[in-house]
Amino acid sequence: MNLPQHLTIRDDHLWIGEHDTIDLARTWGTPLYVTDQDRIAASYTAWRDALSAEYSRVRILYAAKANGNLAVLRILAGLGAGADVFSSGELHLALSAGMQPGTLLFNGSSKSRSDLALAVEKGVPVSVDSLDELRQLDTAAAAAGKIARIAFRVNPAVDVPTHPKIATGLATSKFGIAHHLIPSAYQEALACSHVEPVGIHCHIGSQILAVEPFARACEVMMRIVGEIARMGVRLEFVDLGGGLGIPYHRGEGETSPTPSDYARAVVPLFRDGIREAGISPELWIEPGRSLVADSSILLTGVNSIKPAHRNFVNVDAGFNLLIRPAMYDSWHEIIAANKAGKAGTTMYTIAGPICETGDILAHDRMLPELSAGDLIAVLDTGAYGFAMSSQYNSRPRCPEVLLNGSEAALMRRGEDVGDLTRTMEIPPWQESGD
Ligand SMILES: *Cc1c(COP(=O)(O)O)cnc(C)c1O
């Protein structure tokens with residue numbers, strides 16, 4: 001199996017960093033998200049070095065939606081990352097983590113007036129998704145007596161080989177403004193009194209396992225960059241978005257393009273484009289998944305085994321904690337963490353505890369013979385894992401533990417039943433008057 005460096009198998013046990021997963025499960029209970037800080041740092045450094053080797057003025061904006069835990073944001077802030085934020089909540093988290101407002105980009109296809117007012121107040125650049133939004137932002141900035149710095153989100157209409165639910169740069173997607181309408185959008189922005197166009201932005205989709213779509217999108221972007229530079233737009237940044245995939249199918253030896261592959265395929269096109277345009281903006285990239293996905297595993301305990309039309313392994317984590325398999329038909333590698341050195345002998349389907357037929361974490365996996373009390377590790381759960389969790393079926397969310405070398409500490413406590421009702425109110429007419 002093509003395991004990332006921080007995952008090892010020692011004496012039949014799966015280890016993450018310097019920690020035996022069996023000890024982690026014993027200490028913190030299951031289900032449990034475990035994240036390796038060093039792995040996030042290594043991934044960030046790989047991105048930074050790969051991009052810097054091709055161009056000196058680069059900035060990495062971590063896509064905060066992938067994993068919005070404050071501790072994760074703080075790791076990346078400490079390394080110099082900014083963030084792509086998609087909501088006021090993510091904006092607050094990124095600022096709380098110590099990121100500078102000018103290193104964030106407020107994205108989103110449906111921002112509210114209060115979102116726009118917040119971006120203006122905090123001085124966070126906005127990726128504008130429609131002309132309606134542009135006009136509202138101009139009004140909001142005028143009301144605050146400020147100038148809003150903006151980019152437009154370009155829909156470059158490139159086809160990407162990924163799951164349709166995570167392809168965002170198709171001509172038919174809800175995101176961005178069609179590329180042929182972009183120059184006139186900048187024309188209108190230049191005429192606004194309280195908006196200053198300083199950037200241009202695209203993001204073509206997620207879990208893309210080839211570099212060609214990024215190169216095609218970059219070419220589309222650089223054609224527009226040339227055109228709007230001639231119109232007098234002074235570009236400070238060109239943001240090419242995120243979307244590089246990771247090799248979820250580790251058992252089959254799948255690989256993915258590295259940040260270096262990406263940089264070598266894309267950045268020269270960027271350099272050609274800016275040279276022709278006679279400008280030297282920063283290059284911004286917004287990786288989410290490729291920075292954090294493989295840093296986390298989800299540990300889940302086996303409650304029972306049920307031989308039926310499938311051999312079900314009933315575990316204590318379901319789509320309440322990891323919705324990707326149910327939502328995107330995603331594949332996550334499964335390891336029997338306490339029997340990790342044993343060969344697979346039996347075909348199992350890993351089923352969660354949620355009252356839904358679709359609550360299956362993995363179908364038909366060859367694993368060693370399992371029984372109640374065994375520990376299952378679901379790999380590559382650091383992106384869009386806990387971030388998409390819910391309390392469905394009134395299940396308190398599990399804790400998240402962060403590892404730093406030999407240290408381990410909570411980065412989020414587990415919820416308890418009190419957390420289920422914490423935000424609920426009893427309507428006055430239901431108060432008992434005894
Ligand atoms: C989700 C998102 C990203 C990150 O995508 P990944 O596939 O996780 O790298 C970057 N930019 C924008 C605008 C996004 O919506």
Side-chain angles (χ1 to χ4, degrees), residues 40 43-44 46-47 50-51 59-69 72-73 76 81-87 89-91 94 103-111 115 119 124-130 133 150-156 158 160-170 173-177 199-211 213-214 217-218 221 237-248 256-259 261-263 266 283-296 324 327-328 330 380-388:
I40 297 177
S43 297
Y44 178 84
W47 264 112
L51 294 169
R59 184 177 294 289
I60 297 171
L61 280 75
Y62 166 56
K65 72 178 186 292
N67 184 336
N69 191 294
V72 170
L73 286 161
L76 289 159
D84 145 35
V85 297
F86 223 85
S87 69
E90 289 179 4
L91 191 156
T103 69
L104 309 181
L105 186 65
F106 196 152
N107 288 309
S109 52
S110 183
K111 303 186 195 77
D115 290 337
V124 172
V126 177
S127 173
V128 172
D129 206 275
S130 66
E133 186 182 307
I150 67 144
F152 281 107
R153 166 85 178 251
V154 179
N155 183 334
V158 292
V160 287
T162 189
H163 191 283
K165 283 186 188 163
I166 50 178
T168 56
L170 304 177
S173 117
K174 73 170 180 175
F175 298 103
I177 299 174
I200 187 164
H201 175 222
C202 75
H203 168 69
I204 58 172
S206 202
Q207 185 52 17
I208 299 169
L209 286 172
V211 294
F214 297 108
C218 182
M221 292 290 280
F237 65 85
V238 174
D239 183 338
L240 296 179
L244 192 64
I246 68 133
Y248 286 105
S256 61
T258 62
D261 296 332
Y262 175 101
V266 173
L283 170 61
W284 289 10
I285 304 289
E286 303 175 328
R289 187 188 314 271
S290 59
L291 281 176
V292 295
D294 68 11
S295 70
S296 306
R324 299 189 67 258
M327 185 148 81
Y328 307 123
S330 304
D380 301 311
T381 55
Y384 312 108
F386 194 98
M388 288 186 167

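These numbers come from the heavy atoms of this one structure, side chains and all, not from hydrogens, waters or symmetry mates. We count ligands from 1, going down the list as the structure has it; atoms in each ligand are counted the same way.
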Can you give me a line-by-line list of nitrogen or oxygen pairs between ligand 1 and the protein shorter than 3.5 Å?
| from | atom 1 | to | atom 2 | distance (Å) |
| --- | --- | --- | --- | --- |
| ligand 1 | 7 (O) | Ser206 | OG | 2.3 |
| ligand 1 | 8 (O) | Arg289 | N | 2.7 |
| ligand 1 | 8 (O) | Tyr384 | OH | 2.5 |
| ligand 1 | 9 (O) | Gly243 | N | 2.8 |
| ligand 1 | 9 (O) | Gly288 | N | 2.9 |
| ligand 1 | 11 (N) | Asp84 | OD2 | 2.9 |
| ligand 1 | 11 (N) | His203 | ND1 | 3.4 |
| ligand 1 | 11 (N) | Glu286 | OE1 | 2.6 |
| ligand 1 | 15 (O) | Lys65 | NZ | 2.8 |

>> Tell me every residue that passes salt bridge (Lys or Arg N to Asp or Glu O under 4.0 Å) with Arg324, counting only those two or more places apart in sequence or in another chain.
In response: none
> Does Asp239 have any salt bridge (Lys or Arg N to Asp or Glu O under 4.0 Å) partners at least two apart in sequence or in another chain, and if so, which?
Replying inline: none
> Who are the ring-ring contact (aromatic ring centres under 6.0 Å, His included) partners of Phe152, not counting sequence neighbours?
Replying inline: Tyr186
>> Could you walk me through whether Lys65 and Glu90 satisfy the salt bridge (Lys or Arg N to Asp or Glu O under 4.0 Å) test, starting with their C-alpha distance in whole Å, then the side-chain angles of each, then the deciding distance to 0.1 Å, before giving a yes or no?
In response: CA-CA 7 Å; Lys65 72 178 186 292; Glu90 289 179 4; over 6 Å; no
> Is a side-chain donor-acceptor pair under 3.5 Å present for Thr103 with Arg59?
Replying inline: no
>> Please identify which of these residues, His201, Glu286, His203, meets the side-chain hydrogen bond (donor to acceptor under 3.5 Å, both in side chains) condition with Ser127.
In response: His201
